[in-house]
Structure formats: C-alpha cells, structure tokens
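Pasting in a structure now, in structure tokens, and then I'll have a few things to ask.
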Amino acid sequence: MTTNQLLEINKYGQSIWMDNLSRDIIQSGELKNMVENQGIKGITSNPSIFEKAIAGNAIYDKDIEAGISKGLSTEKIYESLAFEDIRNACDILHPVYEATDGLDGYVSIEVPPTIADDTQKTIEEARRYFKEVGRDNLMIKIPGTEAGLPAVEQVISEGMNVNITLLFSVDSYVNTAWAYIRGLEKRVAEGKDISKISSVASFFLSRIDAKIDGKIDEKLAQGVDDINLEAKLKSVKGKVAIANAKIAYQEYKKIVDDKRWQALVEKNANVQRLLWASTSTKDPSYSDVMYVDELIGKETVNTLPPVTIEACADHCDVDSRVETDVEAAYKLIESLKDPDINIDLDQVMDELLTEGIDKFIKPFESLISSLEDKVKHLSPV
C-alpha cells in the first residue's frame, strides 16, 4: 500500500485543508472519508466554489423549492443552501476540532465579496453569518483589504474565528497579523476569554507567478539580444510566489517573538497561522505540487483543491522547506528591481488584490443570476 503523503505532511506541523465544498461530497460520504482517512483537517470555500457547487445541480432543487414556498429572496435562498452545506461540513469536521483542541477542524465561509470595501457591513455580515450558521468551528472569511482589516480586528474582539483572505504582499500579511493581535488585546482588556478564538492568514501563491510570468513573457516576446539578459529574465519565472511566501514566514516568526504577542500567549491565545492559498499550479510546465513541496513547515496550513490533493497524496516530496533558501528568496525579490527585469512588485500585488475581489464578485453575481433562473423554473405557475 502506497504512503499517503498528505498524512506525512502533518508530521511536519502543517495541516492540509481542502479548497472545495459541495452537497454532493457531503451526502455521498466522500468528505467524511477524506477527513477520517486522508488527512483533510479543514475546508475553505468561496463564491466561486459555491457557484460551481450549486449552479445546474439538481441536488439543491428541493431546498430551492422550499425557499420559494417561504417567499424567500434569491439571495436568502442562496444563503439557506450555503449555510446548510457549511453546517453539515462543520459537523463532519467537529471531531477534528475537538481532537486538535481547536487548532483544526474549521470550515470557512466568505462574507459577500460585494462589500469588500465596507467595514461596517462586513462586521454586520460576519456577526450574522456566525450566529446563523451556529457552529463553533466556523471561520468567517474577510478580505485583507484596507476596509477589511478594521472589521477583522472588531470581529476577533467579539470572539469569532476569522480567515483573512486575498493576501498577496508580505506587508498585507503583517498588517493582518497585527489586526488579529489588536482584536485579541481588545478582548483581553474587556476581561474576556481568548483561548477559543482561531485565525488563519490566507496568503495567495500561484496567481502571483501567473502575473509575474506574464510580464516576463511580454519582455521576452519583445526580443532580447543579450543571452545573459534572457537567462536573467527566465530565472525569475515560477519563483516569485514561493520566495514571497518564505519571506512572509520569516515575518511570522518575528511577530510570534514580539512581546505583545507573548503577552497574549500567557492568556492562552492561539497563534494565527499562515495558510497557503491559490495552490493549484497554473503553468503545466511546473510541478503540480510545487506550492506544497516548497512550503511545508510548522504552524502552517495549506489549502488544496481536489486535483492537487490527489496529486500530493500520490507524489508530494515531503520535507520541511519553508525555511530553506531564505537568503535566496530575499535576493530573488530584490532582483525584480534590477533595471533589466524592472517589475514593480507592489504594483503587481495591488493589481492582484483588485482582481482577486473581482474574481469573487463575478461568480457570486453569476450564482445569483443562475439561481434566479432556477427559481423561475421551479416556481409553481
């Protein structure tokens, strides 16, 4: 019997979560099997995932009809479907939550992406989602935008678990970590328990390389006379995301050594783990598990889509590498400023954040539109 590499990864202090959720895998027992036998310790979802799960899937029709009979709006019908799946997934993962004393076993649901720039609405929706789902192993996903971080701080102070998503730059991760810390400090100042609050910072990977590689390819397509310059440009391809993540992990180590964090540890605070997201390889010439192999390390999470879970279980090369080649990572990021390469990483990260929100808004709107069509089709004449 071959070794399941996902189980091996856990020995290095990294938890594997799955970036996928549908009623099919819940009702078929597939999710339960993955949790009990394949080392899956959490679930992340987003509007794109729910669009794929719900649109055109007859498994939801009965509940859609129930929503119609209650006179619910399309948005409320969507929520009823999503919340039901999230609750059931939380129940399947609750034994993991108990066994790990709240380290793992979480299911994430994102607040509507259309409110990413509205702090107060984000807070209100987070409260409502947390209350209506009603599971202690629920994580509310909030984008790490300028408006999102004050919301993170507030909902943490109110005792909710938070997954801060769409983090691309190292600075955005650091800001996220301090928002978590401030939220905990506020709660401590109010004399409240912080030992049951958990958070992850979802740091995106493959989208960075796809963006940088595109810019490198544009430069190469314009024609490069110098063979050394061509080699310099090509040497950057497929390397920036992992280097960026390794630098973020170094910042994580600084934060957990900080006296403000250590004061919270004395109050039984749980560390906010870096979660590697966007981990499916976009370029077929790269290893399909490169964003797993290179970032295994303690107190981290990697959330994988099903295809990457299958690939990793089969042929991940498991070893702790998140702290290897760190000096080379800093040099690589610095090399982007080289006049020959000339890529503004800050600008790239800003573009990725804007695009990331849009990539959640569009499937959300598409999902609501397809649900409206299904409501019309299923409504009694």
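Fair warning: this is a prediction, and the values are worked out from it, not measured in the lab. Position 1 is the first residue of the sequence; numbering continues from there.
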Check: Do the charged groups of Glu125 and Arg128 touch, with an N to O distance under 4.0 Å?
Finding: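 Looking at Glu125 and Arg128, the cut-off is met.
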Item checked: Carboxylate-amine/guanidinium contact Lys219 Asp340, below 4.0 Å -> no
Checklist line | Salt bridge Lys282-Asp213, side-chain N to carboxylate O under 4.0 Å | finding: no
Next item on the list: Please check if the distance between the ring centroids of Tyr249 and Phe203 is under 6.0 Å.
Entry: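 Ring centroids of Tyr249 and Phe203 are no less than 6.0 Å from each other.
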Next item on the list: For Asp171 and Ser169, test the side chains for any donor-to-acceptor distance below 3.5 angstrom and give the result as yes or no.
Entry: no
Item checked: Residue list, disulfide bond (SG atoms under 2.5 Å apart) with Cys90, at least two apart or on another chain -> none
Notebook entry, point to check: CD1/Ile26 to CZ/Arg87 distance, rounded to the nearest 0.5 angstrom?
Noted result: 11.5 Å
Margin query: More than 12 heavy atoms of other residues, nucleotides or ligands under 6.0 Å from CD of Glu132: yes or no?
Written below: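 Yes, the 6.0 Å shell around CD holds more than 12 heavy atoms from other groups.
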Notebook entry, point to check: Salt bridge or not for Lys11 and Glu8, using N-O below 4.0 Å?
Noted result: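 The answer is yes: the pair qualifies as a salt bridge.
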Notebook entry, point to check: Could Arg182 and Glu185 be called an ion pair, given the rule that one side-chain N must be under 4.0 Å from one carboxylate O?
Noted result: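 Looking at Arg182 and Glu185, the cut-off is not met.
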Item checked: Any donor-acceptor N or O pair under 3.5 Å, side chains Asp85, Tyr60 ->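 A pair is found: one side chain offers a donor N or O, the other an acceptor, under 3.5 Å apart.
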Notebook entry, point to check: Taking all atoms of both residues into account, what is the closest heavy-atom pair of Ser335 and Leu332, and its distance?
Noted result: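 Looking at all heavy atoms of both residues, the closest pair is OG-O, 2.5 Å.
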Notebook entry, point to check: About how many Å separate CD1 of Ile296 and SG of Cys312, when rounded to the nearest 0.5 Å?
Noted result: 6.5 Å
Note to self: Return the OH to CG distance between Tyr180 and Leu264, rounded to the nearest 0.5 Å.
What the structure shows: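 Going from the OH atom of Tyr180 to the CG atom of Leu264 covers 8.5 Å.
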Notebook entry, point to check: Rounded to the nearest 0.5 Å, how far does OG1 of Thr303 lie from CD1 of Ile309?
Noted result: 7.5 Å
Next item on the list: Indicate if Ile197 and Leu103 have the same hydrophobic cluster label, given that clusters are the connected sets of ILVMFWY residues with side-chain heavy-atom separations under 4.5 angstrom.
Entry: no
Margin query: Between Asp338 and Lys232, does any side-chain N to carboxylate O distance fall below 4.0 Å?
Written below: yes
Next item on the list: For a salt bridge (Lys or Arg N to Asp or Glu O under 4.0 Å) with Glu355, tell me which candidate from Arg207, Lys211, Lys362 qualifies.
Entry: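 Output: one option passes, namely Lys211.
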